[in-house]
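Structure first, commentary second.
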Amino acid sequence: MPVTPAPPVAPPKPTWDPGQPEGPFPWLRPTIRIRLTLLYGGMFLIAGILLLSIIYLLAAQALRQGNALPFQIVGGQVKVSSTNCSGVMGGPLEPEQFNAAVNKCVLEQRRHALDDLLSRSLMALLGLSIIAFAFGYAMAGRVLSPLGKITRTARRVVGSDLTRRIELDGPDDELKELADTFDEMLDRLERAFTAQQRFVANASHELRTPLAINRTLLEVHLSDPGAPVELQQLGKTLLATNERSEQLVEGLLLLARSENQIVERKPVDLAEVASRAVDQVRGEAEAKGVEIRGERAPAVVQGNGVLLERIALNLVQNAVRYNVPEDGWVEVVTEAQHDQAVLLVSNTGPVVPAYEVDNLFEPFRRLRTERTGSDKGVGLGLSIARSVARAHGGRIQAMPREGGGLVMRVTLPL
C-alpha cells in the first residue's frame with residue numbers, strides 16, 4: 001500500500017527584533033537614566049560639600065572678627081581699637097554708660113561681621129554657580145555626543161548615502177541600542193535600494209533590446225525602394241512609436257537613477273552646460289521660428305556634467321516646443337549670486353495658471369493635455385529635471401510669466 005507523503009511544512013516567517021537579550025539583572029545595566037542620576041547626584045553632592053566648606057571658613061573668620069575686643073584699658077583709660085566703636089565710646093563715661101556702650105559696640109561689630117559674611121557667601125555662591133554651569137555643560141555635551149553622531153549620520157543618509165553607519169562604541173545603554181537599531185535599518189534599506197537599482201537596470205536592458213531590434217527591422221524595410229507607399233507610411237508611424245517608447249524607457253531609467261545623491265562630483269560650468277543644450281535644440285528652434293537668446297556667465301558647480309546637461313536640455317526643449325506659433329523666443333541665462341549658481345530659462349508661450357504649475361513636475365503630466373497622445377515628449381522632462389536638481393542639493397522653481405509662458409529657475413550650491 002503506497003504511503004502518502006506528509007505535506008511540506010511551511011518555513012517560519014522571518015522576524016526582525018533589534019532588541020538585545022537582557023541579562024539576569026537588567027536593573028544593573030548602565031542605562032542613561034542611571035548614569036545621569038549618578039552624574040548629577042554626584043555633582044550636587046560635591047557642590048554641597050564645597051559650599052559648606054566655604055561657608056564654614058567664612059563663618060569662622062567672621063566669628064573671630066566679631067568676638068575681638070573692641071577696646072583696650074591702658075593706664076586706667078579706655079582705648080577704642082575698633083573703627084565700629086569710635087563714635088560710641090568717646091570721652092569719660094559712668095559705669096552704667098560704659099556697660100551700655102560696650103554692649104552697643106559689640107552688637108555693631110557683630111552686625112558688620114554678619115554683613116561681611118553674607119557678601120562673601122554670595123560671591124562664593126556666584127563662583128560655584130559659574131563653575132557648576134560650565135561643568136554641567138561639558139558633562140551634558142559628553143553624555144549627548146552619541147546623539148550628535150546619530151544626527152550627523154542621519155543627515156548624510158538623507159542625501160541617499162546609505163553606506164554610512166553609526167557604529168557607536170561605548171556602554172550598552174539606550175543610545176547604543178538606538179544606534180544599533182538605526183544601523184540595522186540602514187542595512188535593510190541599502191539592500192532594498194540596491195535590489196531596486198538592479199531591477200531598474202535589468203528591466204531597462206530587457207526593454208531596450210526588443211525596441212532596438214524593432215527599430216532596425218523598420219529601418220531595413222523603409223530602406224527598400226520597392227516597398228508600397230502604404231507600407232512605408234505604416235513603417236514611419238511604427239518607427240515614430242518605437243522611438244517614443246525608447247525615449248520613455250530612457251526617461252524612466254534616468255528618473256530612477258537621478259533620485260539618488262550624486263557621490264562622485266566634478267567641477268562643471270553651468271554656462272557651458274547651458275550652451276551645449278542650446279546648440280542641440282537650435283535646429284528645432286529655427287524650424288519653429290523661435291529665437292534663443294540670453295547671456296550665460298560662468299558659474300562653476302560640483303556635480304555630474306551629464307545630468308546637469310539633461311536639466312538644461314529638458315528645460316530648453318520644453319521652452320521651444322511649448323511656445324507661440326510666431327515671434328516666439330527663449331532666453332537662457334546663467335549667473336552666480338549669493339553662493340549659488342542660477343540657471344534661468346524664460347519663454348513665450350500659452351498662459352499657464354498658477355495653480356497648475358506644481359502639476360507640471362509630476363511624471364506624465366502636461367498643461368491641459370492628456371497623459372498620452374502628445375508628440376512633444378513623454379511627459380518626464382520636468383520630473384527628471386527636478387530629480388537631478390535635488391540630487392545635486394539644489395531646487396527648481398516654475399513661475400508663470402506675465403503675458404504667457406514660464407520662467408524656470410534652477411539654483412545649485414556653488
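These values consider heavy atoms only, across backbone and side chains, with no hydrogens, waters or symmetry-generated copies.
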Can you name the nearest heavy-atom pair linking [X] to [Y], along with the distance?
X	Y	result
I150	A179	CD1-CB, 4.2 Å
G294	V333	CA-CG2, 4.3 Å
P413	G393	CD-O, 3.6 Å
G405	V352	O-CG2, 4.2 Å
N347	A319	ND2-O, 3.5 Å
V320	A285	CG1-CA, 3.7 Å

Which value, rounded to the nearest 0.5 Å, describes the distance between [X] atom [atom1] and [Y] atom [atom2]?
X	Y	atom1	atom2	answer
E272	T334	CD	OG1	11.0 Å
L382	R386	CG	CZ	9.0 Å
L239	H221	CG	NE2	12.0 Å
L412	L308	CG	CG	6.0 Å
Y322	Q317	OH	CD	10.5 Å
I213	L218	CD1	CG	12.0 Å

Is a side-chain N or O of [X] found less than 3.5 angstrom from the main chain of [Y], in a donor-acceptor match?
X	Y	result
N242	L238	no
N323	T348	yes
T411	G394	no
D269	A299	yes

Q | Intermediate values then yes/no, side-chain contact (heavy atoms from CB on, under 4.5 Å), V407 and L344 | A | CA-CA 7 Å; V407 178; L344 285 173; 4.3 Å; yes
Q: State which residues pass salt bridge (Lys or Arg N to Asp or Glu O under 4.0 Å) with R191; sequence neighbours excluded, sorted by chain then number.
A: none
Q: Kindly write out the residues that satisfy salt bridge (Lys or Arg N to Asp or Glu O under 4.0 Å) with D279, not counting sequence neighbours, or none if the list is empty.
A: R282
**Q.** Under the side-chain hydrogen bond (donor to acceptor under 3.5 Å, both in side chains) test, residues paired with Q280 that sit two or more places apart
**A.**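 Testing Q280 for side-chain hydrogen bond (donor to acceptor under 3.5 Å, both in side chains), a comparison that skips the adjacent residues, returns E309.
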Q: Check step by step if side-chain contact (heavy atoms from CB on, under 4.5 Å) holds for I396 and M408.
A: CA-CA 7 Å; I396 180 172; M408 307 297 296; 4.0 Å; yes
Q: Would you indicate whether M123, at its atom CE, is surrounded by more than 12 heavy atoms from other residues, nucleotides or ligands within a distance under 6.0 Å?
A: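 Result for CE/M123: open.
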Q: Give a yes or no on this: more than 12 heavy atoms of other residues, nucleotides or ligands lie within 6.0 Å of atom CZ of R395.
A: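 Open: at most 12 neighbouring heavy atoms sit under 6.0 Å from CZ of R395.
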Q) Of the options I384, V281, N318, which is the one that meets L313 in a side-chain contact (heavy atoms from CB on, under 4.5 Å)? A) V281
Q: Give me the one residue out of V330, I311, V278 that meets side-chain contact (heavy atoms from CB on, under 4.5 Å) with V345.
A: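 That would be V330.
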Q.
Does any part of the side chain of V351, heavy atoms only, come nearer than 4.5 Å to the side chain of P400, both counted from C-beta?
A.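 A side-chain contact under 4.5 Å is absent here.
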Q | Non-hydrogen side-chain atoms of K266 and N304 separated by less than 4.5 Å | A |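 In short, these two side chains do not touch, never coming nearer than 4.5 Å.
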**Q.** Salt-bridge contact R296-E335 (side-chain N to carboxylate O under 4.0 Å)
**A.**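 Answer for the salt bridge query: no.
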